[in-house]
Amino acid sequence: MPRRMDGNAATRGTGRAEWRAMLALAWPLVLTNLSQFALGLTDSLFLGRVGTLELAAATLGSNLYFAALAPTFGLALAAAPLTAQTRGRGRGHLRGMRRDVRAAFWAVAAGTIPTWLLLWNTEAVLLALGQEPALAALASDYVRAMMWGMPLFCGFIVLRGFLAAEQRPNAALVVSGFGIALNVPLNYALIHGAAGLPALGVAGAGLASALCNLAMLAGLVAMITRDRRLRRYHLFGRLWRFDASRLREVVAIGLPIAGAMALEITVFSAAALAMGWMGALAVAAHAIAVQVAAMTFMVPMGIGQAATARVGLATGAGRPVAAARAGWVAIGFGAGFMALAAALLVLAGRPIAWLFLDAANPGAAETAELAATLLLVAGLFQLADGVQAVAAGALRGLKDARVPMLLAGLGYWVIGLPVGIALAFPAGLGPIGLWIGLATGLFIVAGLMLARWTRLSRAGGLTTQVALFGRRRRAQVRRSRSDRDTALTTDRWPR
């Protein structure tokens, strides 16, 4: 007679299963994020060897670019919790996930035009913010070339969210790796001029990134349409159909996600602008430190994306205990990695800084020294940055985006940036003071995000949350108008 498993053993077994499932989903997403980050890193490595002015200009331009990208990027990210919860519910998920993806594409298209209008006027914006004319002009060249890849990148994010809900993240990893391999020769050819192409300088780096985004989106579309299991969703059929109810849901979830991202991105963009008031050397050192901190951040960001999918699947299936377990496992993963990253930055800041610089360039030694000091500060806030990123991802799996956005605003803008400005200028600490302020904001946001997840994951908290989302979903279904998709009675391709 088989021995009966007691409650503790069953809990340990399900816990180990969740660790394995989270790891299997997270590592391809982490590597995908790192590969996407490598596109910008490649630009910095190439331009850093062209000159400090070019590196500083690309840094200012990319900061404005990602700040402007945040609303559209947030709408694209809404596809992940939507498709995960639809997949978790099971019944009718083929049609439901197709509608989720279609609505996310519509939202990205709507957000692209105003973003393009802003980015086209990069030089005027930077001049109005007090930047040096030479830096503003070069930054505009970089952004005007790179901006055409923005909707392509967001479309890639929509499809990556769909694949995460399907627990199939490897396709995004493969095409991202291809993007890195393509970006290196494109950067060399378009920046310096090769293979009959003109030398475009900073504009060449931006154009290389845009072309890589096109290649990655095309590659992911091709892999989805050729996969026997995935092509039954018919994700790209009749994309022109307008689905008002699904689009409202994308906006309701995506805009708070976008708001939280915008608050975090723009606080670092504002810090880059403040560095511009201290000169090109400060901007270049800030660029190096931000690039390294952003690279380590890609890991908890990927774990947070896995948490969104795992928590969303459990929530859609009505399993609050499994949702809580998934969130805590993800937070443990993120905290563990960032503790290791903190030790690396504290111990090896100076040699890391020299990877971005050529000793023959004027000002390289001073830039490396300042960048090493900023990396020391970055090492001190690594753990907080990882915890807040993963906790935010877990909360998104519950479609809880509005409160995290408010918490981010409080930590970054009400506390972090004012403290940094005060330390940098009135207190006279310069770039180091600004980074201490940013670290303070990150610690506060991490504490607030963790407190919210703790409250929701306690006994009964997620049960109530799951029930609430279920009632909202049923009410939305009752209210939604019939559209042409309702004529479908099966999940087969619509005629």
Side-chain angles (χ1 to χ4, degrees), residues 44 48 51-53 55-64 67 125-136 139 263-294 297 342 345-354 356-357 361-385 408-447:
S44 295
T52 299
L53 183 65
L55 175 60
T59 300
L60 287 176
S62 62
N63 272 278
L64 179 61
V125 172
L126 292 177
L127 289 174
L129 293 172
Q131 299 304 304
E132 298 174 7
L135 281 175
L263 290 167
E264 182 174 1
I265 292 171
T266 54
V267 79
F268 280 92
S269 299
L273 294 172
M275 290 290 182
W277 302 333
M278 304 179 212
L281 188 147
V283 174
H286 174 79
I288 292 170
V290 165
Q291 288 279 358
V292 175
F297 179 75
L345 296 189
V346 168
L347 297 175
R350 186 169 284 100
I352 291 173
W354 274 111
F356 294 82
L357 297 166
N361 287 334
E366 294 86 348
T367 302
E369 191 65 29
L370 179 56
T373 305
L374 297 182
L375 286 171
L376 175 63
V377 180
L380 299 178
F381 67 64
Q382 289 292 289
L383 185 60
D385 205 13
L410 173 64
Y412 297 136
W413 283 93
V414 178
I415 299 173
L417 187 62
V419 169
I421 295 292
L423 292 175
F425 295 103
L429 294 180
I432 298 170
L434 190 58
W435 269 66
I436 291 173
L438 296 176
T440 302
L442 282 168
F443 273 105
I444 289 170
V445 173

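Small disclaimer: the values here were computed from a predicted structure and weren't measured.
- Applying the side-chain hydrogen bond (donor to acceptor under 3.5 Å, both in side chains) rule to E366 yields no partners; only residues at least two apart in sequence or on another chain are considered.
- The CG atom of L380 lies 10.5 Å from the OG1 atom of T440; values are rounded to the nearest 0.5 Å.
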> Please walk me through it: do I288 and L357 pass side-chain contact (heavy atoms from CB on, under 4.5 Å)?
Replying inline: CA-CA 9 Å; I288 292 170; L357 297 166; 3.9 Å; yes
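- Inter-residue side-chain proximity for F297 and Q382 is flagged as unmet; no heavy-atom pair is nearer than 4.5 Å.
- In this structure, the side chains of H286 and P431 stay at 4.5 Å or more apart for every pair of heavy atoms.
- Partners of I421 by side-chain contact (heavy atoms from CB on, under 4.5 Å), not counting sequence neighbours, listed by chain and number: A274, L417, F425, L434.
- Two residues are said to be in side-chain contact when any heavy atoms from C-beta on lie closer than 4.5 Å; T367 and W354 fail this criterion.
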>> Is there a side-chain contact (heavy atoms from CB on, under 4.5 Å) between W435 and M275? Walk through the geometry before answering.
In response: CA-CA 10 Å; W435 269 66; M275 290 290 182; 3.5 Å; yes
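- Atom-to-atom distance recorded for L345:CG and L374:CG is 11.5 Å, nearest 0.5 angstrom.
- With sequence neighbours left out, the side-chain contact (heavy atoms from CB on, under 4.5 Å) criterion links L376 to V346.
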> Is there a side-chain contact (heavy atoms from CB on, under 4.5 Å) between F443 and L383 once you walk through the steps?
Replying inline: CA-CA 9 Å; F443 273 105; L383 185 60; 5.9 Å; no
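- Note: L423 CG to I436 CD1 = 6.0 Å, rounded to the nearest 0.5 Å.
- A distance of 5.5 Å separates CG of L60 from CG of L135, quoted to the nearest 0.5 Å.
- Residue L375 holds its CG atom at 9.5 Å from CG of L370, rounded to the nearest 0.5 Å.
- The minimum heavy-atom distance linking A378 with A293 is given by the pair CB-CB, 4.3 Å.
- A search for side-chain contact (heavy atoms from CB on, under 4.5 Å) contacts involving A372 returns R350, not counting sequence neighbours.
- Scored by the side-chain hydrogen bond (donor to acceptor under 3.5 Å, both in side chains) test, Q131 finds no partners at all (sequence neighbours excluded).
- Annotation: the span from L53 atom CG to L281 atom CG amounts to 12.5 Å, rounded to 0.5 Å.
- At least one donor-acceptor pair closer than 3.5 Å links the side chain of W413 to the backbone N or O of L263.
- Residues Y412 and F268 have side chains not in contact (no heavy-atom distance under 4.5 Å, counting atoms from C-beta outward).
- Counting heavy atoms from C-beta outward, Q291 and I352 have side chains that stay 4.5 Å or more apart.
- When the side-chain contact (heavy atoms from CB on, under 4.5 Å) test is applied to L127, the partners found at least two apart in sequence or on another chain are E123, P133, A136.
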